[in-house]
Amino acid sequence: MPISSANILQHMAVPHRHNVYQIGCLERRVTLYSQQVRALNLVFALFDLKKLERSSRVVVVGGGAAGLTATVALARHGATVTLLERLDAVIPFQSGNLTRWLHPHIYEWPAEGCLNPDSGLPLLNWSADYAANVAITLRDEFYQHVRESKAINLQKGVRNVKLHTSTTGQRMEWNNARGGFHSERFDMVVLAVGFGLEGSSLCPVQSYWRNDDLAQFELDTERVRHYLVSGCGDGGLVDLLRLRLRDFRHDQMIEELIGRNPDHPRMESQLLLAEEEARARVERGEDPSDFLYDEYQRIRPRSIDEKVASRLRGDTRATLNGLDTFPWNLSSSILNRFLASALIGLEHHGAGADWWRGKIAHIGQEGGGYRVRLENEEARNFDRVILRHGPRPTISQWWVQKTDEEQIRSRNALDQTRIPAWPDGFFGEPAEPKRITRKRKRMRIIRVHVPANAGRHASEFAIDVPSLSRFDNLLDTIYFMIYPRVPPFTYGQTWRLRSKASGLDIVHERERAEDPGFGRYTPDPRPVEDVGILPDDELEIVFLRDANVNRKDANSI
């Protein structure tokens, strides 16, 4: 049952500050989609309870997904909105990130509709994709609203933002990107400052949203690299899965490991029952991790363990570190816990992943790797260390009293604000967002450059690439555009695709086989993203030799 408007405002109100609200800054489950839902819930509740009206002036602090969604929703209902962002870009965390795959509903598994790739939001809608492409979709629609609305004032690159609360309203002060001072009065303040940046005194931490190489195979084939992943939230569990499973992606894993299991409805219902019992134990002040460990071992069929084992990478080892008895706490999703339990629960010790319990006291460099010591003095060596201990809240500067943070955390213990509460049609959904989303899909293209050869001029053509296009289908499309300059089924022998950005050649599966099979059809069903081709990439065709050399032989097959 959706949360009431009154409870939404109670959950999101900043203590001791009149008409100041925060969006998901201290929530337990934070995803891009859930932050957008919280933003829409807040705007709905403010208008539903007449806290705002069409003439209201609102300031939104923070230009991430929540801030943009709140800004557009407020303006849609007639408020005049000033949006303040400290960086010189909106959606700054996800922009440019091509290693994190975002799916709006996947963390709700096994709930109905969890595999739907469309967010279904009335404003700033998006579909499952890499973070960089989702950011482009949100940014484009937001700027369209800015252009079409006279009610949004976007201020980027601001500094020294300060709030002064009085009985007559809220006064916000800031310096703009050029250093100019601004001071304005607002009826309402919405803090969408996010959940902060990751950091640690133990060692440098790479942000979850920076591009990384964890899913890529090690180039040094002479040794296996051992990773430590510390932290059992969704961030840590996702990195563990990416390190140990080939081509990991949540939606594909559900289809392969769970959806094809004929007994999956019973398994999913048992997982939901286990989740209810675990939450009851938390309310009684108990640690649910040992209970969940036993339940996952009982519920998980052997077939899932066998499929997980078949996808293990041979170039990595991984150890998961955390503080609880076992690495299953309710701050992470059922899906990540269940998949990680298969890794750690494999019969052969160390085959999937190790579990190392205890608080890290020291991380020191040793040789080309790291020596990690726990508070109980136990120590181990690793090649790389990944810390996922969570971000440092940035909202603390807005507190009036030290207990304000504890008060908000206690309100959010039930994690109710990420469930949509607005009625159908409240935001006028969703003709405009659907049109924009389709436009983005049409723009998912790659450009292929063809060099001059065999008496022809150099040329270029664009190809629309759906998110799950197979590599062999892409090659067929390109082949018919350059035919008859090369014989059929000779990719890798007479011609090849090369990334203009990286200079790397793209290898067909047939080239990895003992019998390459040139001149006859050999499938390569990998999605183009898994091959390393992404929308907006530029590729060039490289002719490896005179295409006519094999013309006679190829045509005779």
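Each residue takes its place number in the sequence, starting with 1.
With no hydrogens or angles considered, a side-chain donor-acceptor pair links Asn125 and Ser119 at under 3.5 Å. For the residue pair Glu256 / Gln252, no side-chain donor-acceptor distance below 3.5 Å is found, with atom types taken as modelled.
Open room surrounds CZ on Arg447; 12 or fewer heavy atoms of other groups in view lie less than 6.0 Å from it. Taking a 6.0 Å sphere around CD of Glu460, one finds it holds more than 12 heavy atoms contributed by other residues, nucleotides or ligands.
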Quiz item: Does the pair Thr71 and Leu154 meet the rule for a side chain to side chain contact (heavy atoms under 4.5 Å, CB included), with working shown?
Solution: CA-CA 10 Å; Thr71 297; Leu154 173 62; over 6 Å; no
Exercise. Evaluate side chain to side chain donor-acceptor pair (under 3.5 Å) for Arg38 paired with Ser34, printing each intermediate quantity in order.
Key: CA-CA 6 Å; Arg38 291 182 176 109; Ser34 69; 3.1 Å; yes
Practice problem: Give the C-alpha distance, both sets of side-chain angles, the deciding distance and a yes or no for side chain to side chain contact (heavy atoms under 4.5 Å, CB included) between Leu257 and Phe338. | Solution: CA-CA 11 Å; Leu257 303 185; Phe338 190 61; over 6 Å; no
Exercise. Give the C-alpha distance, both sets of side-chain angles, the deciding distance and a yes or no for salt bridge (Lys or Arg N to Asp or Glu O under 4.0 Å) between Arg526 and Asp247.
Key: CA-CA 10 Å; Arg526 293 176 295 169; Asp247 304 322; over 6 Å; no
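Within the 4.5 Å cutoff, the side chain of Met253 has no heavy atoms near those of the Leu241 side chain. Side-chain contact between Leu320 and Leu237: present, with at least one pair of heavy atoms (C-beta onward) separated by less than 4.5 Å.
Using a distance-only test at 3.5 Å, with no hydrogens or angles considered, a donor-acceptor pair links the side chain of Asp315 to the main chain of Glu218. Of the possible donor and acceptor atoms, one in the side chain of Ser333 sits under 3.5 Å from a partner among the backbone N and O of Asn336. Although no hydrogens or angles enter the test, the distance criterion places no donor-acceptor pair under 3.5 Å between the side chain of Glu540 and the main chain of Arg498. Side-chain atoms of Asn41 come within 3.5 Å of backbone atoms of Ile419 as a donor-acceptor pair (strictly under, hydrogens ignored). No donor-acceptor distance shorter than 3.5 angstrom exists from the side chain of Arg496 to the backbone of Val542, with no hydrogens or angles considered. Of the possible polar contacts, none joining the Asp118 side chain to the Ser127 backbone as a donor-acceptor pair under 3.5 Å is found. Between the side chain of Arg313 and the main chain of Leu243, a donor-acceptor pair closer than 3.5 Å is present.
Proximity of the aromatic rings of Trp495 and Phe543 is defined here by a centroid distance below 6.0 angstrom, and this criterion is not met.
In this view, His250 and Tyr107, Phe248 satisfy the ring pair (Phe, Tyr, Trp, His ring centres under 6.0 Å) rule, not counting sequence neighbours. In this structure, the ring pair (Phe, Tyr, Trp, His ring centres under 6.0 Å) partners of Tyr33, at least two apart in sequence or on a different chain, are His105.
At a threshold of 4.0 Å, the pair Asp239-Arg242 counts as salt-bridged, since one of the basic side-chain nitrogens sits closer than that to a carboxylate oxygen. The existence of a salt bridge linking Asp213 and Arg384 is confirmed by a sub-4.0 Å separation between a basic side-chain nitrogen and an acidic carboxylate oxygen.
A cation-pi arrangement is present between Arg100 and Tyr208 under the rule of less than 6.0 angstrom and at most 45 degrees off the ring axis.
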